There are 2 protein chains.
Amino acid sequence: MVQAQTLSRNQQIVLDIIEKAKGPLKAYSILFNVQKKGINAPQQIYRALDKLIEMGKIHKIESKNAFVACRSSDCEISKATAFSICESCEMVDEISDAKLSKYLSSFNHRKGMKFKRFNLEFFGLCKKCK
Amino acid sequence: MVQAQTLSRNQQIVLDIIEKAKGPLKAYSILFNVQKKGINAPQQIYRALDKLIEMGKIHKIESKNAFVACRSSDCEISKATAFSICESCEMVDEISDAKLSKYLSSFNHRKGMKFKRFNLEFFGLCKKCK
DNA sequence: CTCAAATATGTTATATTATAACAAACGTTA
DNA sequence: TAACGTTTGTTATAATATAACATATTTGAG
Ligand SMILES: [Zn+2]
Ligand SMILES: [Zn+2]
Ligand SMILES: [Zn+2]
Ligand SMILES: [Zn+2]
């Protein structure tokens, strides 16, 4: 089990960087940013990322292999995530839309599969890049 | 531009393997499978994969870094894709549901972004693994 | 047909992303 | 304290993907 409250030292360092970032961060760019803080190896980053994802503090943008802080309260422990991604400036915005989430959560594939989780990524041009 | 009809030799070889496969294939497993046919380098695989994706013949399952043949006619040139993915046996099934597709295609984020494309991945246990 | 452009191929090298494996330290709590 | 789970540190390596350059093949305009 993962306790909701306390983050370990490395987890806190990694989360801080991701939360401060304006856009999605890649694992190795996080690594380069924390070498001054005594974190030297990819494992240390990936372990922190894994735990933070489990806790729902961050999400992985699968199409970019990058990580963003969770800005929503709806996506409890990352069971239902949706993002809009600008194909020009790389901006990522977490979509927190109750209707969308409800619609997808109750969607059932006719082949009899019961879903536990979904991830949705929209692509386009953001307001600025349009 | 990509012409719809003819596939090049390497593209055809790669597509054949993906179409014959029961599940998603990874780039390097495709590579190992075609070395007898004179394809030796990852570049050759990735180039074929890129073109096949552009043509809508295959899709990339982002959460698995793997590729499946398109079984649908709805997802024209991969603008609107959805998959169900079994977390136990790795099975991937393309979801072709007109209502879902329409719902998501017309979904507009209130922050003013106009979407060109989406990809949706559902996770759970398939009928067999349930 | 002919030549130029576009597309596809082959090849070597390298970049990027992620995990394995092992040892030590730390924090509970029984 | 002893035992357990979790976190850390570290070295090595696996897996995924692209860069760069040379050549070949196909296509289509003139
Ligand atoms: Zn979230
Ligand atoms: Zn943008
Ligand atoms: Zn398809
Ligand atoms: Zn299954």
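Predicted, not measured: the structure shown is a model, and the values here were computed from it. What's counted below: heavy atoms across the whole structure, side chains too, no hydrogens, waters or symmetry copies.
Proximity of A:S8 to the phosphate of D:dT8: a side-chain N or O atom is located under 4.0 Å from OP1 or OP2. Residue B:N10 has a polar side-chain atom (N or O) positioned under 4.0 Å from OP1 or OP2 of C:dG10. Listed pair A:N65 / D:dT16 fails the phosphate criterion, with no side-chain N or O lying under 4.0 Å from OP1 or OP2. Phosphate contact (OP1/OP2 of C:dT11, side-chain N/O of B:N40, threshold under 4.0 Å): present.
If you check C:dT17, D:dA17, D:dT8 against the side chain of B:K60, the one that comes closest is D:dA17. Nearest to the side chain of B:A41, among C:dA18, D:dT8, C:dT11, sits C:dT11. Closest contact between the side chain of B:P42 and the listed nucleotides D:dT10, C:dT19, C:dA13 involves C:dA13. Minimum atom distance to the side chain of B:Q11 is reached by C:dA8, of the listed C:dA8, D:dT7, C:dT17. Nearest nucleotide to the A:Y46 side chain, out of C:dT19, D:dT18, C:dA8: C:dT19. When each of C:dT9, D:dT10, C:dA18 is scored by its nearest atom to the side-chain atoms of A:Q44, the top-ranked nucleotide is D:dT10. Taking only side-chain atoms of A:R47, from C-beta outward, the nucleotide of D:dT10, C:dA18, C:dT9 with the closest atom is D:dT10.
With hydrogens and angles ignored, the 3.5 Å screen pairs a side-chain donor or acceptor of B:K26 with a backbone N or O of B:K64.
Separating the CD1 atom of B:I30 from the P atom of D:dT16 is a distance of 11 Å, rounded to the nearest angstrom. Between the CD1 atom of B:I53 and the C1' atom of D:dA17 there is a distance of 12 Å, given to the nearest Å. Rounded to whole Å, the distance from NZ on B:K51 to P on C:dT9 is 10 Å. A:K64 places its NZ atom 16 Å from the C1' atom of D:dA17, with the value rounded to the nearest Å. The CD1-C1' distance, from B:I13 to C:dG10, rounds to 13 Å in whole Å. The separation between B:R9 atom CZ and D:dT26 atom C1' is 15 Å, rounded to whole Å. In this structure, A:L31 places its CG atom 15 Å from C1' of C:dA15, rounding to the nearest Å. Atom CD1 in B:I45 sits about 13 Å away from atom C1' in D:dT16, given to the nearest Å.
Applying the 6.0 Å contact sphere to NZ of A:K130 captures more than 12 heavy atoms from other residues, nucleotides or ligands.
Taking OG1 of A:T81 as the start and NZ of A:K60 as the end, the distance is 12.5 Å to the nearest 0.5 Å. Rounding to the nearest 0.5 Å gives a distance of 10.0 Å between CD of A:Q11 and CD1 of A:I58.
Aromatic stacking of B:Y28 on D:dT16: satisfied, with centres closer than 5.5 Å and planes within an angle under 30 degrees.
In the hydrophobic clustering of ILVMFWY residues, with side-chain heavy atoms under 4.5 Å counting as a link, A:V14 and A:V68 come out apart.
No N or O donor and acceptor, one from the side chain of A:Q43 and one from the base of C:dA18, sit under 3.5 Å apart.
Nearest-nucleotide positions on DNA chain C for A:D50 and B:I39 put B:I39 closer to the 5' end.
Residues A:L7 and A:M55 meet the side-chain proximity criterion, which asks for heavy atoms closer than 4.5 Å.
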